[in-house]
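The first residue in the sequence is number 1, and the count goes up from there.
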Amino acid sequence: MTKASPEKKIFDSTGHDVIEIVGAREHNLKNINVSFPRNKLVVITGISGSGKSSLAFDTIYAEGQRRYMESFSAYARSFMGNLERPDVDKINGLSPVISIEQKTTSRNPRSTVGTVTEIYDFMRLLFARAGEAFSYLTGEKMVRQSEDQILDTLLQNFNGKKLHLLAPVVKGRKGHYRELFQQIRKSGFTKVRVDGEVQDITAKMQVDRYKIHDIEIVMDRIVADSKDRARIGQSINKSLKEGKGVMMIMEENGKVHHFSKFLMDPKTGLAYDEPAPNTFSFNSPYGACPTCNGLGQIEEITKESVIPDASLSVSRGGILPLGEYRDIWIFKKIEAILKRYKLTLSSPIKDIPKDVINILLYGDDEPVAVASVKYPGSEWNTKFEGIISFLEKQKEEGSDAIKKWVDDFTVSKTCPECNGARLKKESLHFKLDSKNIAELAQLDINALKKWFEGLEDRLNEKQRIIATEVLKEIRKRIGFLLDVGLDYLNLNRPIRTLSGGESQRIRLATQIGTQLVGVLYILDEPSIGLHARDNVKLIKALKDLRDIGNSVIVVEHDKDMMLESDYILDIGPGAGRHGGHVVAEGDPATFLKGNSTTSKYLSGKISIPFSKDRRKGSGESISLTNASGNNLKNVDLDIPLGTLTCITGVSGSGKSTLIHDTLFPILNQHFYNSRTEPLAHKKVTGLKHIDKVIEVDQSPIGRTPRSNPATYTGAFSDIRDLFSQLPESKIRGYKTGRFSFNVKGGRCETCEGAGLRLIEMEFLPDVYVPCETCKGKRYNRETLEVRFKGKSISDVLDMTVEEAVTFFENQPRILRKIQTLCEVGLGYISLGQHATTLSGGEAQRVKLATELSKRDTGKTFYILDEPTTGLHFQDIAHLLDVLQKLVNKGNTVLVIEHNMDVIKSADYIVDLGPEGGEKGGRIIAKGTPEEVSKNPASYTGKFLKTELVA
């Protein structure tokens with residue numbers, strides 16, 4: 001469909017050319033009236049907290065979802081409950097709405113890029129129907145033969161030879177099989193082959209029940225001759241019937257040949273079941289590796305996690321789960337075991353022989369004698385089950401608290417059975433063009449596209465006919481992922497490890513694939529985690545969605561997205577109660593002439609200031625050598641301490657691998673004895689120059705409505721203390737627990753203090769609705785009667801951070817914690833805002849504020865992952881101010897970032913690339929922004945050059 005010219009009004013099947021919203025008052029919206037064109041790319045922008053999401057998601061999307069629900073019958077609606085109508089007078093021209101948000105990513109480790117995009121499902125179908133099976137014992141190609149083919153092979157290859165036709169009935173199993181022999185004898189057979197030896201069946205015949213046996217019935221003894229073709233054919237038919245599709249031929253010299261109607265290794269007789277799509281699914285018991293259940297990882301309690309320091313003795317806490325010596329039963333047992341080997345509890349663990357260590361860790365059948373305290377002179381003789389055996393038992397059967405404690409000694413390891421491939425060995429030996437399905441799932445999307453190119457030429461005629469339609473679907477979906485700039489991902493990548501922007505772009509690619517028309521799509525900052533170079537692909541994908549006849553609304557701060565859109569709507573002028581107005585609107589050309597803050601930043605009238613005097617740092621540095629995890633190519637990283645350092649590079653170039661998966665775990669192990677293993681590297685130096693590390697990422701601060709900014713920052717504990725000290729509380733005998741919404745006493749028991757109730761929707765995602773008893777206040781009436789400056793504890797939770805700063809100005813402990821929330825641009829959120837409603841960027845800034853409220857040492861190492869997520873130009877300026885203050889105190893701030901305003905303000909840049917996936921993993925450029933901008937090999941440098949000039 002060709003794009004309509006801007007002058008021409010587009011009337012579609014709804015009869016409307018615009019979407020018109022009248023009287024929107026949801027959250028902080030100030031009764032606004034707004035209209036924007038349908039079937040266009042519309043950007044809603046404005047500073048953080050101004051009301052963009054209230055308009056896009058809580059008004060337009062909520063009303064669209066409600067209308068969809070209204071279309072169900074009254075009977076269907078009775079199962080789902082009613083969705084509340086958003087606070088808006090009317091919305092005209094609304095199409096069916098699909099929302100693609102940041103917060104809807106799956107936490108399930110089984111959900112991968114391949115399963116979400118359905119590429120892996122089509123590949124399963126392809127391998128089930130066109131894959132070739134190979135034996136995992138010999139590597140031979142598996143064969144399946146019909147009765148006629150077996151007969152022809154027998155007459156051709158064994159002509160004139162004396163043969164035994166055998167039907168296998170027992171393969172590799174224990175038992176005496178007395179009843180089986182009787183049954184075979186009753187069927188008229190006189191001979192069997194037991195464990196390779198042909199025997200006559202005798203009365204009451206049986207074999208050793210404790211040994212593993214192979215038993216075959218001798219069905220017939222023949223001489224291979226084409227004259228007897230009919231008789232031999234009958235014998236083969238009978239053999240296959242008794243052997244359930246499998247038979248064997250034994251020559252006079254004892255040599256055996258295997259035949260099967262199913263897939264079978266002709267050398268060893270190994271047979272596979274007929275392949276089906278679920279044979280290649282790691283979420284099905286028919287395909288999943290039995291050791292790791294299809295996760296590719298196993299949780300294991302290792303000797304190293306239980307005994308981290310072998311130089312200590314048992315009495316000094318050498319066995320970590322036990323701690324230091326106490327006069328308890330388990331220490332007495334260990335003492336008795338050590339005494340048996342002439343050792344004591346004071347012996348360093350490194351001096352204890354390996355076999356004794358194994359007894360301590362895994363137990364022993366030999367009873368251990370321990371002197372009885374209750375009955376002096378007598379002894380208790382019991383077996384010792386071992387420390388690790390005990391921990392593993394508790395992991396299965398213990399309480400939640402015990403399981404959490406055991407987790408401290410548990411290490412994630414790649415499954416030794418499948419080596420992380422997630423499938424059982426039979427599934428991994430089905431191949432197409434010499435590759436199995438797991439190998440393809442490990443390729444990045446670019447490499448996968450190349451492998452599928454021209455695959456038909458590498459298949460045989462039968463495979464080609466089967467594969468044609470499936471390959472079309474696979475290629476189409478791979479193309480959509482490439483269109484949204486996700487060429488560096490692989491199909492095995494778990495969805496929970498993706499950034500908010502990446503998961504949105506995957507869902508966007510899926511939506512493009514549906515080819516729906518006349519739909520209103522609403523996206524929440526899809527450019528998160530995308531390098532400026534890849535932004536072009538995303539914008540093109542959104543325009544393609546628009547051009548086939550859809551309306552696209554994007555809540556976005558990205559400069560390129562705004563300039564490429566058809567219409568911009570700016571909500572402001574401030575955040576929270578200072579926002580909620582439409583301050584500017586129009587097509588980009590009109591918008592740039594406007595006078596709003598966003599217009600000024602876009603047109604270049606104002607910009608984020610930066611100093612050209614780059615800090616040299618303290619002169620010390622942290623050096624990481626030969627980092628080679630994932631796609632890193634033996635990277636040597638130097639981070640000058642006392643600077644603001646930016647790690648940049650195109651998406652998938654290895655930034656997260658280098659920092660989150662290698663450097664941070666090393667620092668975490670060094671300072672906090674973390675058990676997370678860093679990825680491969682040679683060594684790290686310079687750790688003595690810092691004294692703590694703090695990572696601030698975008699993971700949620702909580703996954704239930706009980707978690708909120710006040711509880712996370714610790715301010716709520718101080719607020720509860722303050723309320724418990726009030727005269728009214730003392731008269732009533734209320735302690736701090738009375739003001740907690742997590743324990744019985746002061747909370748509303750209908751919603752158990754959540755303020756919301758979960759409504760489970762049958763056909764839609766679950767929704768939370770306000771509690772009908774407390775009306776969302778969380779507490780019972782008696783608790784709400786206690787007031788400070790006229791406000792109840794519920795009123796305090798409903799305050800915005802900005803209001804709370806003024807309200808608690810004379811409470812320094814509380815003020816310090818909430819003041820930093822204001823400094824990072826979160827003055828507009830309420831103290832009790834449910835964690836489930838915070839975006840990834842907001843959650844990250846709550847964490848950042850929590851860390852900033854703690855007293856820094858001047859030697860702290862901060863790691864931030866895209867802190868500008870969800871931030872307007874003005875908020876970025878505030879954030880940079882906070883980060884620069886941290887660095888000025890002597891701390892080091894390391895930021896992974898794509899935002900050019902942050903990158904140009906850095907003291908030092910490390911740029912990875914040149915591309916994503918396998919073509920990345922190298923340091924392309926490093927130095928000051930000015931030095932990087934002069935490097936022709938750096939994509940970041942090219943974009944940085946224009947920013948520095950501006």
Side-chain angles (χ1 to χ4, degrees), residues 133-209 211-273:
F134 292 84
S135 167
Y136 61 75
L137 293 175
T138 61
E140 290 283 316
K141 188 174 175 181
M142 308 283 267
V143 292
R144 55 161 77 82
Q145 294 176 309
S146 65
E147 286 180 28
D148 288 341
Q149 284 174 320
I150 295 170
L151 180 56
D152 291 341
T153 304
L154 186 148
L155 293 173
Q156 189 178 333
N157 295 350
F158 303 99
N159 191 27
K161 291 185 179 179
K162 290 182 180 178
L163 303 170
H164 285 71
L165 301 189
L166 310 175
V169 285
V170 172
K171 190 170 177 65
R173 294 206 312 270
K174 292 179 183 178
H176 55 63
Y177 297 111
R178 190 165 53 232
E179 292 82 5
L180 176 68
F181 290 127
Q182 284 175 3
Q183 195 182 335
I184 294 169
R185 197 176 178 195
K186 281 178 187 173
S187 301
F189 300 107
T190 58
K191 289 182 183 288
V192 286
R193 181 172 176 261
V194 179
D195 301 330
E197 186 186 335
V198 177
Q199 301 175 12
D200 290 320
I201 303 175
T202 57
K204 296 182 181 179
M205 180 177 176
Q206 66 180 58
V207 290
D208 189 335
R209 67 180 300 178
K211 288 185 180 173
I212 292 172
H213 302 287
D214 292 328
I215 301 172
E216 297 95 26
I217 305 171
V218 179
M219 302 295 298
D220 200 355
R221 284 170 288 175
I222 60 163
V223 175
D225 193 330
S226 53
K227 291 176 189 170
D228 298 327
R229 186 181 178 91
R231 182 232 159 156
I232 296 170
Q234 285 175 348
S235 296
I236 288 173
N237 176 277
K238 188 78 174 161
S239 300
L240 289 170
K241 201 171 179 183
E242 290 290 336
K244 294 188 171 59
V246 179
M247 67 170 286
M248 294 150 71
I249 292 172
M250 186 175 77
E251 298 182 50
E252 271 187 303
N253 60 9
K255 192 175 179 183
V256 172
H257 305 272
H258 299 267
F259 296 90
S260 174
K261 288 164 86 172
F262 311 118
L263 289 167
M264 175 176 267
D265 178 357
K267 282 191 178 175
T268 62
L270 173 71
Y272 291 170
D273 290 334

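At least one donor-acceptor pair under 3.5 Å links the side chain of N253 to the backbone N or O of K255. Between the side chain of T138 and the backbone N or O of E140 there is at least one donor-acceptor pair closer than 3.5 Å. Between the side chain of H213 and the backbone N or O of D208, at least one donor-acceptor pair lies under 3.5 Å. Remark: side-chain polar atoms of D214 are paired, donor with acceptor, to backbone N or O of G172 under 3.5 angstrom. A side-chain donor-acceptor contact under 3.5 Å links H176 to the backbone of R178.
Two residues are said to be in side-chain contact when any heavy atoms from C-beta on lie closer than 4.5 Å; E216 and P168 meet this criterion. Looking at L163 and V223, their side chains never come closer than 4.5 Å, going by heavy atoms from C-beta outward.
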Please walk me through it: do I201 and T190 pass side chain to side chain contact (heavy atoms under 4.5 Å, CB included)?
CA-CA 6 Å; I201 303 175; T190 58; 5.9 Å; no
Verdict with supporting geometry, D200 and K191, salt bridge (Lys or Arg N to Asp or Glu O under 4.0 Å)
CA-CA 4 Å; D200 290 320; K191 289 182 183 288; 2.6 Å; yes
Show your working on side chain to side chain contact (heavy atoms under 4.5 Å, CB included) between V169 and I217 and close with a plain yes or no.
CA-CA 7 Å; V169 285; I217 305 171; 3.8 Å; yes
Before you tell me yes or no, could you show the steps for E252 and K161 under salt bridge (Lys or Arg N to Asp or Glu O under 4.0 Å), namely the whole-Å CA-CA distance, both residues' side-chain angles and the distance that decides it to 0.1 Å?
CA-CA 8 Å; E252 271 187 303; K161 291 185 179 179; over 6 Å; no
Go through the steps to decide whether V218 and V198 satisfy the test side chain to side chain contact (heavy atoms under 4.5 Å, CB included), and finish with yes or no.
CA-CA 8 Å; V218 179; V198 177; 4.1 Å; yes
Step by step, work out the side chain to side chain contact (heavy atoms under 4.5 Å, CB included) result for F181 and I215.
CA-CA 10 Å; F181 290 127; I215 301 172; 3.9 Å; yes
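Atom CD1 of I232 and atom OG of S239 lie 11.5 Å apart (nearest 0.5 Å). Taking CG from L154 and NE2 from H257, the interatomic distance works out to 9.5 Å, rounded to the nearest 0.5 Å. Atoms CG and OG, from L165 and S235 in turn, are 5.5 Å apart once rounded to the nearest 0.5 Å. Atom CZ in F259 sits 11.5 Å away from atom CG in L166 (nearest 0.5 Å). Interatomic distance, CZ of F262 versus CD of Q145, reported as 13.0 Å (0.5 Å rounding). Atom CZ of R185 sits about 7.0 Å away from atom OG1 of T202, to the nearest 0.5 Å.
Residues V246 and S260 approach most closely at CG2-OG, 3.9 Å, considering heavy atoms. Taking each heavy atom of S135 and L270 in turn, the nearest pair found is OG-CD2, 3.7 Å. Nearest heavy atoms, R144 versus Q149: O-OE1, 4.0 Å. Between G243 and A167, the shortest heavy-atom contact is N-CB, 3.9 Å. Nearest heavy-atom pair, M250 versus V256, reported as atom, atom and distance to 0.1 Å: CG-CG2, 4.0 Å. Minimum interatomic distance between L263 and A133 (heavy atoms only, all atoms of both residues): CD1-CB, 3.9 Å.
The aromatic rings of Y136 and Y272 sit parallel, their planes meeting at an angle under 30°, below the 60° perpendicular limit.
By the 4.0 Å N-to-carboxylate-O rule, R231 lies close enough to D220 to be salt-bridged with it.
Checking each of E242, H164, M247, M248 against M219 for a side chain to side chain contact (heavy atoms under 4.5 Å, CB included) leaves exactly one that passes, namely E242.
In E251, the CD atom is crowded: over 12 heavy atoms of neighbouring residues, nucleotides or ligands sit closer than 6.0 Å. Within 6.0 Å of CD on Q156 lie no more than 12 heavy atoms contributed by other residues, nucleotides or ligands.
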